[in-house]
Amino acid sequence: MRNYIGHWPTKRIDRRTLLLAAGAAFASAHVGRADEPSETSLRQRAEKKGLVFGTQVNAGPLFSLKPYQDAVLRDASMIVPENEMKWRPTHPTALQSNYFNANRIAKFAEDNKLLLRGHTAVWHQNPPAWTNDIIASDDGQKLVLEHARELINHFSGHVMEWDVVNEAIAPEDGMPGNLRNWAPYNKGGIDFIADCFYAAREADPKANLYYNDFSVYYRSQGHRRDAILGFLEKLKSKGAPIDGFGIQSHLIAKAEFDENIYRHFLSEIADLGLKIRATELDVSDVRLEPDINLRDTIVAAHTKQYLDVLFDEPAVVGLVTWGMTDRFSWLHEGWPRKDRLRQRCLPLDDNFTRKPMWHAIANAFDHAPSR
Ligand code: G3I
């Protein structure tokens with residue numbers, strides 16, 4: 001921050017003016033100024049508290065757009081591939097594996113001394129088309145386990161943490177144990193999910209193993225909180241080697257967030273002996289008016305409110321955002337605004353300039369209790 005005091009005619013400054021100036025400087029630092037490259041990075045702020053800041057990356061821009069790569073390297077000490085480790089791209093046909101982009105990301109992590117998260121081995125949404133009939137048959141569980149083993153083993157020693165199973169809970173499907181209506185879960189139940197974790201541990205004994213899921217943040221999502229908690233309890237009681245719960249954190253500005261409910265939920269997860277990581281933070285602004293300043297302010301305020309509660313829980317080990325810049329977000333296509341404006345959902349804008357959301361994350365790290 002530039003020091004303007006030297007430029008002021010000294011005899012006209014009184015104590016009140018100085019105090020006002022100091023207050024304004026403090027406020028501007030807190031609201032955040034986009035043009036302050038010297039400010040400490042998110043990774044440094046997180047590390048200071050024993051936490052980790054990471055971001056999702058996409059191989060396309062990562063290896064073709066220098067400002068994007070720079071933005072990632074400036075702020076993140078952990079990366080997770082958006083799609084490159086999923087089943088469809090890594091095994092496009094029955095006879096062919098393709099780790100090209102996933103390997104490039106792993107090498108990028110290694111070259112730049114970044115931690116690498118793996119996402120994701122078992123997910124109902126991403127099997128390639130050639131697996132459809134097999135997954136529906138009695139051989140489905142075997143195929144899913146083979147895939148998980150192969151994928152995790154391929155990156156053994158390089159990935160520090162895996163989302164082994166992703167989004168397996170869907171109370172609305174009405175299946176036993178609130179499991180999603182997907183053939184391998186229907187046939188094998190929670191024992192099959194435990195087997196996925198055993199397979200993962202065998203494939204890479206050193207990696208931390210996570211279950212990853214969404215929609216547990218808001219008042220109206222109590223049924224999902226209960227279902228996931230019950231599921232994790234059972235998984236633990238079966239002895240499954242699970243180390244953590246990944247809370248995706250796809251937030252919605254203007255949804256009803258109750259700090260006490262969320263605090264309590266986090267503590268219940270922690271009581272199971274699990275680590276917690278927010279794994280996919282972004283904030284949808286679909287419910288907000290078009291005005292950009294207003295959207296940025298509300299998105300930042302919600303981010304701060306959410307992270308303050310999250311970081312208070314000692315079991316929380318860090319935060320990963322689902323992208324660094326508004327330029328690349330699944331939300332633009334996945335959940336478009338009615339007015340077709342682009343969402344302002346991530347820490348940097350389309351031109352990689354820090355938004356109030358960046359400062360909200362910075363501020364939350366600064367105020368987080370040390371681990
Ligand atoms: O690669 C094909 C391309 O060949 C084709 O031309 C194009 C046509 O639409 O599609 C491309 O695939 C897309 C893929 O992203 C790669 O860009 C898929 O259509 C698209 O559905 C896919 O979306 C991803 C989605 O997961 C499904 O895998 C998003 O980028 C990704 O951000 C999103 O991430 C998920 C997490 O994995 C799990 N939690 C929720 C989160 C958001 O949905």
Side-chain angles (χ1 to χ4, degrees), residues 80-81 83-99 102-103 106 116-170 173 175-214 227-228 230-246 248 274 279:
V80 51
N83 294 309
E84 292 78 354
M85 287 185 179
K86 290 174 183 171
W87 199 347
R88 211 170 291 171
T90 56
H91 223 133
T93 69
L95 299 174
Q96 181 198 16
S97 298
N98 180 355
Y99 289 112
N103 284 347
L116 182 61
R117 285 199 99 233
H119 175 83
T120 171
V122 179
W123 188 23
H124 68 284
Q125 217 189 84
N126 211 264
W130 64 267
T131 64
N132 289 352
D133 290 346
I134 311 174
I135 285 181
S137 78
D138 285 345
D139 290 332
Q141 293 171 61
K142 195 167 151 251
L143 183 71
V144 173
L145 286 172
E146 267 168 20
H147 165 70
R149 247 184 234 113
E150 183 200 300
L151 174 76
I152 294 174
N153 187 256
H154 178 87
F155 291 104
S156 173
H158 299 275
V159 165
M160 63 95 68
E161 180 174 301
W162 272 102
D163 286 332
V164 178
V165 177
N166 192 41
E167 302 173 8
I169 294 300
D173 287 359
M175 305 302 286
N178 292 306
L179 293 184
R180 187 175 291 282
N181 183 8
W182 189 45
Y185 299 157
N186 297 348
K187 294 184 180 166
I190 196 165
D191 287 336
F192 167 67
I193 295 185
D195 286 347
C196 295
F197 280 89
Y198 285 117
R201 176 86 355 132
E202 213 180 285
D204 185 353
K206 291 208 173 124
N208 279 312
L209 307 182
Y210 273 60
Y211 173 71
N212 194 50
D213 214 329
F214 61 87
I228 288 174
F231 161 75
L232 291 172
E233 251 163 30
K234 260 194 229 143
L235 209 52
K236 285 286 288 185
S237 70
K238 285 179 181 295
I242 172 171
D243 303 298
F245 176 40
Q248 292 189 5
L274 294 173
T279 52

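Predicted model, so just to flag it, every value in this text is computed and none were measured.
Residues Pro128 and Thr93 form no side-chain contact, since every pair of their non-hydrogen atoms from C-beta on lies 4.5 Å or further apart. Annotation: side chain of Val159 is in contact with side chain of Met85 (closest heavy-atom distance under 4.5 Å).
Using bins of under 30°, 30° to 60° and over 60° for the plane-to-plane angle, the ring pair Tyr185/Trp182 lands in the perpendicular bin.
Closest non-hydrogen pair, Gly157 versus Asp204, comes out as N-OD2, 3.3 Å. Residues Ala168 and Asp213 approach most closely at N-OD2, 3.8 Å, considering heavy atoms. Among all heavy-atom pairs drawn from Ala136 and Ala183, the shortest one is CA-CB, 4.0 Å. Closest non-hydrogen pair, Gln248 versus Glu167, comes out as NE2-OE2, 2.9 Å. Of all heavy-atom pairs spanning Tyr210 and Glu161, the tightest one is CE1-CD, 3.3 Å.
A donor-acceptor pair is defined here as one N or O able to donate and one able to accept, closer than 3.5 Å; no such pair exists between the side chain of Trp87 and the backbone of Val144. Side chain of Tyr211 to backbone of Ile228: no donor-acceptor contact under 3.5 angstrom is found. Put simply, the side chain of Asn126 gets close to the backbone of Arg88: a donor and an acceptor are under 3.5 Å apart.
Atom NZ of Lys187 has more than 12 neighbouring heavy atoms from other residues, nucleotides or ligands inside a 6.0 Å radius.
Expressed to the nearest 0.5 Å, how far OG1 of Thr90 lies from CG of Asn103 amounts to 10.5 Å. Rounding to the nearest 0.5 angstrom, the gap separating the CG atom in Leu274 from the CD atom in Glu233 is 10.0 Å. Put simply, CE on Met175 and CZ on Arg180 are 12.0 Å apart, with the number rounded to the nearest 0.5 Å. How far CG of Leu145 is from CD of Glu150: 13.0 Å, rounded to the nearest 0.5 Å. If you take SG on Cys196 and CG on Leu235, they are separated by 9.5 Å, rounding to the nearest 0.5 Å. The CG atom of Leu209 lies 6.5 Å from the CZ atom of Phe197; values are rounded to the nearest 0.5 Å.
Applying side-chain contact (heavy atoms from CB on, under 4.5 Å) to Trp162 and the options Leu151, Leu116, Thr120, Asn212 leaves one that passes, Leu151. None of Ile193, Asp191, Ile190 except one satisfies the side-chain contact (heavy atoms from CB on, under 4.5 Å) rule with Lys234; the exception is Ile190. When the options Arg201, Lys206, Lys236 are evaluated for a salt bridge (charged side-chain N to carboxylate O under 4.0 Å, His left out) with Asp243, the one that passes is Arg201.
With no hydrogens or angles considered, no side-chain donor-acceptor pair links Asn166 and Gln125 at under 3.5 Å.
One finds no salt bridge joining Asp163 and Lys86 here, because no Lys/Arg side-chain nitrogen approaches an Asp/Glu carboxylate oxygen to under 4.0 Å.
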